[in-house]
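Since the structure comes first, as structure tokens, the remarks are kept for the end.
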Amino acid sequence: HMRGIRCSRSDEPLIRKQDWGCITLENRDQIERERYEAGVLRYTFRGGESGPEFVARFTLFAKQVKDELNRSSYPEHVAVITHGFGVRTLLMVLLGWSEEYFESLAHPDNCGYKRLEIRQDGSLVLLDPMSQHNLMAQHGFVGRKTS
């Protein structure tokens with residue numbers, strides 16, 4: 001503890017960047033196209049990690065944070081530092097967002113932050129709104145294929 005704030009290691013494996021496996025300059029465009037067609041939370045990278053595995057890691061981390069916050073001596077503030085996709089995934093898990101809503105959100109700005117507040121009833125509220133973007137208007141947009 002440092003001034004009432006719990007310090008933890010800076011390399012928490014549960015919130016590491018998604019393992020993209022066997023991606024190269026030659027196959028990156030094709031893999032990204034396949035990923036967007038499948039859905040970024042569903043795609044499995046060859047030799048890497050699947051979207052569901054990635055979400056499961058962040059779900060486990062979110063549970064650990066919630067458990068710590070529910071203890072009687074929880075810290076007043078908790079800071080989580082990760083990549084933009086990870087921030088979106090963690091917020092999706094914590095706030096119960098749908099896959100469609102998740103996909104409509106832009107990554108936070110580099111070095112940006114998103115604050116959550118715990119309400120008296122234990123619910124979480126996002127204090128800093130996420131930017132939504134119009135994917136259809138983006139050059140080279142590849143939409144998720146629906147069944």
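Side chains are part of it too, since the values below use all heavy atoms of this structure and drop only hydrogens, waters and symmetry mates.
By the rule that hydrophobic residues join a cluster once side-chain heavy atoms approach within less than 4.5 Å of another member, Leu41 and Trp20 end up as members of separate clusters. Connection of Val87 to Leu60 is established within a shared hydrophobic cluster, with ILVMFWY side chains joined at heavy-atom distances below 4.5 Å, either directly or through further cluster members. Under the 4.5 Å side-chain contact rule for hydrophobic residues, Val40 and Met130 share a cluster. Residues Leu105 and Leu126 share a single hydrophobic cluster, defined by chaining ILVMFWY side chains whose heavy atoms lie under 4.5 Å apart. A continuous path of Ile, Leu, Val, Met, Phe, Trp and Tyr side chains, each step under 4.5 Å between heavy atoms, connects Phe85 with Leu116, placing both in one hydrophobic cluster.
Considering all non-hydrogen atoms of both residues, Glu49 and Lys17 come closest at OE1-O, 4.4 Å. Here the closest heavy-atom approach between residue Cys22 and residue Gly47 is recorded as SG-CA, 4.0 Å. When all heavy atoms of Arg42 and Pro52 are compared, the pair lying nearest together is O-CD, 3.9 Å. Nearest heavy-atom pair across Gln132 and Ser104 is NE2-OG, 2.7 Å.
Residues Glu117 and Arg115 are not paired through a salt bridge, judged by the lack of any N-O separation under 4.0 Å between the basic side chain and the carboxylate.
One distance of note links CG of Asn27 with CD of Glu32; it measures 10.0 Å at 0.5 Å rounding. Taken to the nearest 0.5 Å, the CH2 atom of Trp97 stands 4.5 Å off from the CG atom of Leu91.
Side-chain N or O atoms of Arg88 include one that pairs as donor or acceptor with a backbone N or O of Phe102 at under 3.5 Å. A donor-acceptor pair under 3.5 Å is formed between the side chain of Glu53 and the backbone N or O of Ser50. Distance alone, capped at 3.5 Å, is enough to place a donor-acceptor pair between the Thr59 side chain and the Val55 backbone. Using modelled atom types, one side-chain atom of Arg57 and one backbone atom of Arg16 make a donor-acceptor pair closer than 3.5 Å.
Contact of the Met92 side chain with the Tyr101 side chain is not registered, since no non-hydrogen atoms from C-beta on lie closer than 4.5 Å. Side-chain atoms of Leu14 and Gln64, non-hydrogen and from C-beta on, do get closer than 4.5 Å to each other. Taking 4.5 Å as the limit, some side-chain heavy atom of Phe58 sits within range of a side-chain heavy atom of Thr82. Put simply, the side chain of Ile15 does not reach to within 4.5 Å of the side chain of Leu90, judged on heavy atoms. Leu94 places a side-chain heavy atom less than 4.5 Å from the side chain of Lys66. Residues Ile31 and Tyr43 are in side-chain contact: their nearest non-hydrogen atoms beyond the backbone lie under 4.5 Å apart.
Around the CG atom of Asn110, the shell of radius 6.0 Å holds no more than 12 heavy atoms that belong to other residues, nucleotides or ligands.
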Checklist entry - So Lys63 and Asp67, salt bridge (charged side-chain N to carboxylate O under 4.0 Å, His left out) or not? Walk me through it. => result CA-CA 6 Å; Lys63 181 183 179 325; Asp67 289 348; 2.9 Å; yes

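With sequence neighbours excluded, no residue forms a salt bridge (charged side-chain N to carboxylate O under 4.0 Å, His left out) with Arg35.
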